[in-house]
Participant: 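The structure that follows is given in the form of structure tokens.
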Amino acid sequence: MTPSAADGPATKGGRSRRNFAGARPVMADVAELAGVSKQTVSRVLNDHPAVRPDTREAVLAAMRTLGYRPSRSARSLASGRTRMLGVISFDAARYGPASTLTAINTAAQEAGYLVSSIALDTADRDTVVRAADRLSAEGADGMIAIAPQLRVAKALAEARLDTPLVVLDNDLGDGTPVVTSDARTGARTATEHLLSLGHATVWHVAGPSGWASADRRSESWRATLKAAGVPAPPPLLGDWSADSGYDLGRELARNPKITAVFVSNDQMALGVLRALHEAGRRVPDDVSVVGYDDIPEAAHFLPPLTTVRTDFTDIGTRALHVLLNRIDAPTSPPPPLTVVPVDLQVRDSTSPPTRDH
């Protein structure tokens, strides 16, 4: 009788033994050395719960003895999965998306998956569909879309992907799971911090319109000022770069009544700091500045930047786990929204306004 997954190792008496020396070992070699069927070896490779512990150890010992390394194709045939995940990313060079992608890769490797990623420069429907089709053709078991722009979300929704999907930042409106940071709380906390120091109002250097995180931060900044009974100055729109922050900072520096600025990311805040310095506006004595993201360099700005910390590692890791849960339990309803908390890192770029303001 052929040993089943629940059986122990079969006896080897009377069976011919192959000469394992020289040739690359295959699954049949492992089965023969362990005294089990190839089906049992396959079940061990795929961590099937019905395999007895002593059988599992016998198979693993045979694999170690032979130096057997299962191919990905063999695993795919046995499990119906490729153990490969796809990631579609946009603006991947920026700190947030890059850090999130690194976290996804790390978490995937720990879970035994490989990641194939495609970085896109445009977010039209056809480009998104081609990227998704390519990942599907590669056999992706599921996909994560780092989708910071609203038009990206629209393109993904129109693509109607059949593969399990998790989206970062944007809600597609069709029940697709979303993982995002708590941008509204972050902006509110930054604005309240500056108001609590005694500043009459808070100016805002915003990210580009049409970016989900930028829009949420701007909306929350405006709502916080309104709740405090403070008129909101007109926001200044940047493009996430230090250059745009510098240009807008020069504009801010020309207004002596401005004493507090909330900037929608740390790179733009760096540009604002330089512009204020060149104009002779001291930070924080004359102008307090709060950034967003807490990039590794923020603590080394001059002065060290008060900023809202976003845990991009946590975002990427949670997204990966939500996706794996969708793959493992496709009929279970996924969590519609996973929100990663943020926190304010108070450093030396904020203080109460001086008396002459």
Side-chain angles (χ1 to χ4, degrees), residues 1-87 101-117 134-144 162-166 177 316-334:
M1 179 183 294
T2 302
S4 70
D7 293 332
T11 60
K12 304 180 182 67
R15 297 183 64 180
S16 62
R17 295 294 304 277
R18 296 175 51 177
N19 181 6
F20 298 120
R24 179 178 177 179
V26 296
M27 188 182 295
D29 299 329
V30 175
E32 184 173 347
L33 183 59
V36 298
S37 68
K38 287 194 293 184
Q39 183 184 31
T40 298
V41 175
S42 175
R43 288 175 174 173
V44 171
L45 291 175
N46 289 284
D47 202 25
H48 196 286
V51 182
R52 284 170 41 180
D54 58 337
T55 303
R56 185 183 307 277
E57 181 53 40
V59 171
L60 294 175
M63 291 172 59
R64 289 192 294 268
T65 299
L66 298 173
Y68 174 73
R69 296 292 182 270
S71 68
R72 187 161 294 273
S73 60
R75 286 182 180 269
S76 300
L77 289 172
S79 66
R81 298 181 184 175
T82 61
R83 300 196 73 80
M84 187 274 283
L85 304 174
V87 176
L101 181 57
T102 297
I104 291 171
N105 273 286
T106 299
Q109 290 175 15
E110 292 174 352
Y113 281 81
L114 293 179
V115 172
S116 177
S117 60
R134 174 181 159 187
L135 292 172
S136 295
E138 292 178 2
D141 292 328
M143 298 183 200
I144 296 174
D162 294 328
T163 305
L165 175 68
V166 173
T317 301
R318 291 200 194 194
L320 189 281
H321 290 159
V322 171
L323 179 59
L324 293 184
N325 287 338
R326 290 208 72 191
I327 294 170
D328 292 336
T331 60
S332 299

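Side chains included, hydrogens not; waters and symmetry mates left out as well; all remaining heavy atoms used.
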Participant: Quick check: do Glu138 and Leu135 have side-chain heavy atoms less than 4.5 Å from each other?
Facilitator: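 Yes, at least one pair of side-chain atoms sits under 4.5 Å.
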Participant: For Leu165 and Leu323, work out which heavy atoms get closest and say how close.
Facilitator: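 In this case the closest contact between Leu165 and Leu323 is N-CD1, 4.2 Å.
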Participant: Of all heavy-atom pairs between Asp141 and Pro164, which one has the smallest distance, and what is that distance?
Facilitator: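 Scanning both residues, the minimum pair turns out to be O-CD, 3.5 Å.
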Participant: Can you name the nearest heavy-atom pair linking Gly142 to Thr163, along with the distance?
Facilitator: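 Shortest heavy-atom contact: CA-CG2, 3.4 Å.
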Participant: When rounded to the nearest 0.5 angstrom, what is the spacing between CZ in Arg64 and CD in Glu57?
Facilitator: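 Taking CZ in Arg64 and CD in Glu57, the distance rounds to 5.0 Å.
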Participant: Less than 4.5 Å apart, side chain to side chain, heavy atoms only: is that true for Leu324 and Tyr113?
Facilitator: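 SC-SC contact between Leu324 and Tyr113 confirmed.
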Participant: Should Leu85 and Ile144 count as side-chain neighbours, where that means a heavy-atom distance under 4.5 Å?
Facilitator: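 No, every pair of side-chain atoms sits at 4.5 Å or beyond.
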Participant: Verify, without hydrogens or angle tests, whether Asn105 (side chain) and Thr102 (backbone) share a donor-acceptor contact under 3.5 angstrom.
Facilitator: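 A pair under 3.5 Å: no.
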Participant: Treating Arg83 as the side-chain partner and Gly112 as the backbone partner, does any N or O pair qualify as donor plus acceptor under 3.5 Å?
Facilitator: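 Yes; at least one donor-acceptor contact below 3.5 Å.
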Participant: Looking at Gly316 and Ala103, what are the two nearest heavy atoms and their distance?
Facilitator: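 Answer, listing the atom of Gly316 first, then Ala103: CA-CB, 4.0 Å.
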Participant: Kindly give the heavy-atom pair with the smallest separation between Ala31 and Lys38, and that separation in Å.
Facilitator: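 Closest approach of Ala31 to Lys38: CB-N, 3.8 Å.
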Participant: So, for Ala34 and Ala58, which heavy atoms are closest and what is the spacing to 0.1 Å?
Facilitator: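 Where Ala34 meets Ala58 most closely, the heavy atoms are CB-O, 3.8 Å.
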Participant: For a 4.5 angstrom cut-off between non-hydrogen side-chain atoms, does Pro25 reach Met63?
Facilitator: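 Pro25 vs Met63: side chains apart.
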Participant: Starting at CG of Leu66, measure out to CD of Glu32 and round the result to the nearest 0.5 Å.
Facilitator: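 It is 9.5 Å, given to the nearest 0.5 Å.
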